[in-house]
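Before any comments, here is the structure.
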Number of protein chains: 2
Amino acid sequence: MSEPVGGLPVAPVGDRATMRDVAALAGVSLKTVSRVVNGETTVAPELAERVQRAVARLAYRPNRTASNLRRGSARTGVIGALLQDVSNSFSAGLLRSLEDQARARRDVVLTASLDEEAEREHLLVSDLVGRRVDGLVMMPASVDQSYLAADVAAGLRVVFVDRQPRGVAADSVTVDNRRGAVMATNHLLSLGHRRIAFLADLTSIETSRERRLGYEAALREAGVDLDPDLVVTGLRTPDAAEEAAIGLLDGSAHAPTAVFAGRNVVTIGVARALRTLGLSHQVALVGFDDFPLAELLVPGLTVVRQDVARLGREAAEQLYARIEGDTSPPRARVIPPRLVLRGSGEIAPRRR
Amino acid sequence: MSEPVGGLPVAPVGDRATMRDVAALAGVSLKTVSRVVNGETTVAPELAERVQRAVARLAYRPNRTASNLRRGSARTGVIGALLQDVSNSFSAGLLRSLEDQARARRDVVLTASLDEEAEREHLLVSDLVGRRVDGLVMMPASVDQSYLAADVAAGLRVVFVDRQPRGVAADSVTVDNRRGAVMATNHLLSLGHRRIAFLADLTSIETSRERRLGYEAALREAGVDLDPDLVVTGLRTPDAAEEAAIGLLDGSAHAPTAVFAGRNVVTIGVARALRTLGLSHQVALVGFDDFPLAELLVPGLTVVRQDVARLGREAAEQLYARIEGDTSPPRARVIPPRLVLRGSGEIAPRRR
DNA sequence: TTGAAAGCGCTACCAC
DNA sequence: GTGGTAGCGCTTTCAA
């Protein structure tokens with residue numbers, strides 16, 4: 001408990017005035033305060049005035065959680081966004097897009113990063129359900145989300161983004177990763193590349209697997225043998241990707257003439273390796289995910305761009321449709337990626 | 001209301017089973033359910049077992065808001081992060097750092113972007129206070145935060161980040177922007193530059209003003225006249241910055257030989273302009289804020305780097321100290337920036 | 001060990 | 001117009 005300071009009554013930290021305190025100070029009933037606070041017009045101006053003064057004097061702020069409880073309101077005005085890592089531009093862009101949709105509905109967003117850890121996902125879903133969020137947009141870290149089934153049956157609304165749900169029927173908005181990988185690989189093949197390396201993140205990540213499948217399908221379709229030595233996965237940081245790329249680009253006849261990088265973090269590492277080895281203009285590079293400075297590199301970075309804003313917008317729209325009562329069967333929306341040519345991907349294979 | 005599906009009772013969307021439902025199904029009293037749910041050991045194994053089964057059958061999830069309400073718990077386990085734009089790498093990095101601190105304490109983070117709009121700030125503070133967040137970390141959009149005084153007196157805990165509070169006594173963790181600008185400008189001056197342009201964001205933003213003051217102080221200190229034509233502010237996007245830079249770098253004798261860009265968004269625009277004009281190796285560029293790809297540009301981008309992770313960590317630590325009862329006077333921590341040389345800032349002035 | 005009653009801050013319903 | 005009473009989902013007494 002604190003001492004009064006500067007003549008103002010100071011409540012213990014965290015304790016705020018209640019409606020009853022306001023009613024007592026204004027000399028009216030609790031219900032009258034409620035009416036004034038909620039903007040009902042059936043209050044005599046003089047009483048309303050007294051209440052307003054008491055509200056100001058006590059810095060009274062209505063407790064929305066209590067209000068929601070009593071109202072039995074099905075809505076808390078909060079949605080949860082469970083993303084991979086909000087400091088990564090992909091998750092950050094997604095979050096911003098979700099926030100814009102929430103904002104338009106006067107809702108707020110509870111955010112968390114899962115870091116590809118299934119356990120964190122379980123923990124956070126449980127936490128947010130306990131807080132009675134109106135819905136969840138989630139980029140799952142787990143391989144199987146059947147643990148959600150009971151909650152979904154009990155009314156939990158969840159929309160998957162970037163990755164498909166497994167083990168539970170739910171809406172999703174994803175990018176056509178396989179198609180994007182096919183586009184990138186075909187592009188390199190069309191320039192004459194035959195030794196194309198694929199460097200990517202954890203194989204436990206669906207998008208990573210899909211991109212690999214696309215890469216392999218394109219090679220097969222072109223009649224090019226798959227060389228397992230040209231595929232490296234499990235790369236979680238630029239440093240790891242750089243090291244892997246340097247290992248591959250050893251100058252031997254077996255070295256790849258082009259690299260397809262499966263994720264933004266990997267692309268950075270590969271670009272660094274090419275720079276270090278002086279091969280930026282000799283070895284072609286196409287990355288998945290765009291960057292703010294990609295066009296300013298030399299050569300400019302060729303990428304498969306995902307429309308992150310659209311991904312977030314459509315996921316949020318789907319979630320709000322559910323919140324507003326849409327009970328149609330789960331829907332899987334797929335957004336097409338786009339190949340953006342800037343130079344690094346248009347390098348022809350080196351003559352030997 | 002939905003029809004029962006698959007034999008399971010389906011509640012109307014949003015309506016979840018309550019403790020009473022569980023008690024009824026298990027054939028015990030409400031209080032016994034409460035005991036089991038809260039892990040109290042004073043329940044007969046057989047009863048506990050019955051309760052657990054009912055919990056599972058109904059997908060019961062304790063309502064944390066109701067629990068908090070009754071407990072009179074001063075803590076909701078939620079902190080608010082009011083940043084500028086979570087899709088910008090600066091805010092995104094900050095958010096991630098805050099989240100890490102919250103996570104260590106099993107708290108979650110409510111996030112919102114203010115977009116430099118004071119009105120949004122007011123709206124969101126009001127919203128989050130109504131939701132009884134335990135505290136707020138905020139990067140203010142408003143010029144004056146005296147509107148917060150009453151809430152702060154009533155126990156609201158708020159820590160300012162990146163920008164100092166005005167009109168209210170509160171903790172802050174900021175970067176020494178003026179010092180960073182002095183470092184950047186001195187660096188350019190030491191290479192012989194005398195016509196150094198300064199391009200920046202809105203002058204309503206404190207960091208923007210501070211950086212300008214540092215720029216001007218360094219020039220004055222070096223005995224270099226300030227040329228108002230070399231200062232352009234109000235640049236909010238890369239496009240605006242690019243256009244402004246192209247206007248300045250018109251090839252005349254009055255054109256600057258170096259540019260100091262006051263923010264990441266501006267730096268992108270200036271770098272584009274230099275590229276477009278073929279001046280990347282002729283005109284020096286130092287930017288405020290670092291980028292993931294900055295080292296890969298040609299020349300590498302010289303920047304004033306802010307330790308975003310530390311900024312967030314210290315802000316969160318300060319906030320939690322307050323939440324845990326620290327009542328010492330407000331504290332203003334200032335974090336030193338660092339000049340990172342990569343090439344673009346080490347270009348000597350062109351001979352005329 | 002178990003449960004009935006009261007009440008957290010607020011609003012719905014019904015009297016006055 | 002105004003105010004009492006009941007009760008949202010839960011926990012805290014305190015009896016049994």
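Predicted model, so just to flag it, every value in this text is computed and none were measured. In what follows, chains are A, B, ... by sequence order, proteins preceding strands, each numbered from 1.
Regarding contacts with the backbone of dG3(C), a side-chain N or O of T32(B) is found under 4.0 angstrom from either OP1 or OP2. Within the 4.0 Å cut-off from OP1 or OP2 of dC10(D), not a single side-chain nitrogen or oxygen of S67(B) is found. Between N68(B) and dC10(D) there is no side-chain polar atom (N or O) within less than 4.0 angstrom of OP1 or OP2. Contact check, S34(B) against dC10(D): no side-chain N or O comes under 4.0 Å of OP1 or OP2.
R61(B) and R132(A) make their closest contact through O-NH2, 2.5 Å (heavy atoms, listed as atom of the first residue, atom of the second, distance). The two atoms that bring Y60(A) and A17(A) nearest to each other are CD1-O, 3.3 Å, heavy atoms only.
Positionally, the nearest nucleotide of DNA chain C for V28(B) lies more toward the 5' end than for the other of V28(B) and G72(B).
With distances taken from any side-chain atom of R71(A) to the nucleotides dG9(D), dC10(C), dT11(C), the minimum falls on dT11(C). The side chain of M19(A) lies closest to dT11(C), out of dC10(D), dT11(C), dA4(C). Candidate nucleotides dG4(D), dG9(D), dC10(C) were compared by shortest atom distance to the side chain of L30(A), and dC10(C) ranks first.
Between the side chain of R70(B) and the base of dG7(C), a donor-acceptor pair under 3.5 Å is found. One N or O donor and one acceptor, one from the side chain of R35(A) and one from the base of dG3(D), sit under 3.5 Å apart.
Side-chain contact check for R131(A) versus V108(B): some heavy-atom pair is nearer than 4.5 Å. Between R75(A) and D107(A), the closest side-chain pair of non-hydrogen atoms falls below 4.5 Å.
Between the CZ atom of R20(A) and the P atom of dG3(D) there is a distance of 16 Å, given to the nearest Å. Following rounding to the nearest Å, L69(A) (CG) and dC10(D) (P) show an atom-to-atom distance of 9 Å. Nucleotide dG9(D) holds its P atom 17 Å from the CZ atom of R61(B), rounded to whole Å.
L47(A) comes within 4.0 angstrom of sugar-phosphate atoms only, judged by non-hydrogen atoms across all strands, and of no base.
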Take D115(A) and R120(A) through the test salt bridge (charged side-chain N to carboxylate O under 4.0 Å, His left out) and record every step on the way to the result. CA-CA 8 Å; D115(A) 292 332; R120(A) 250 197 91 52; 5.1 Å; no
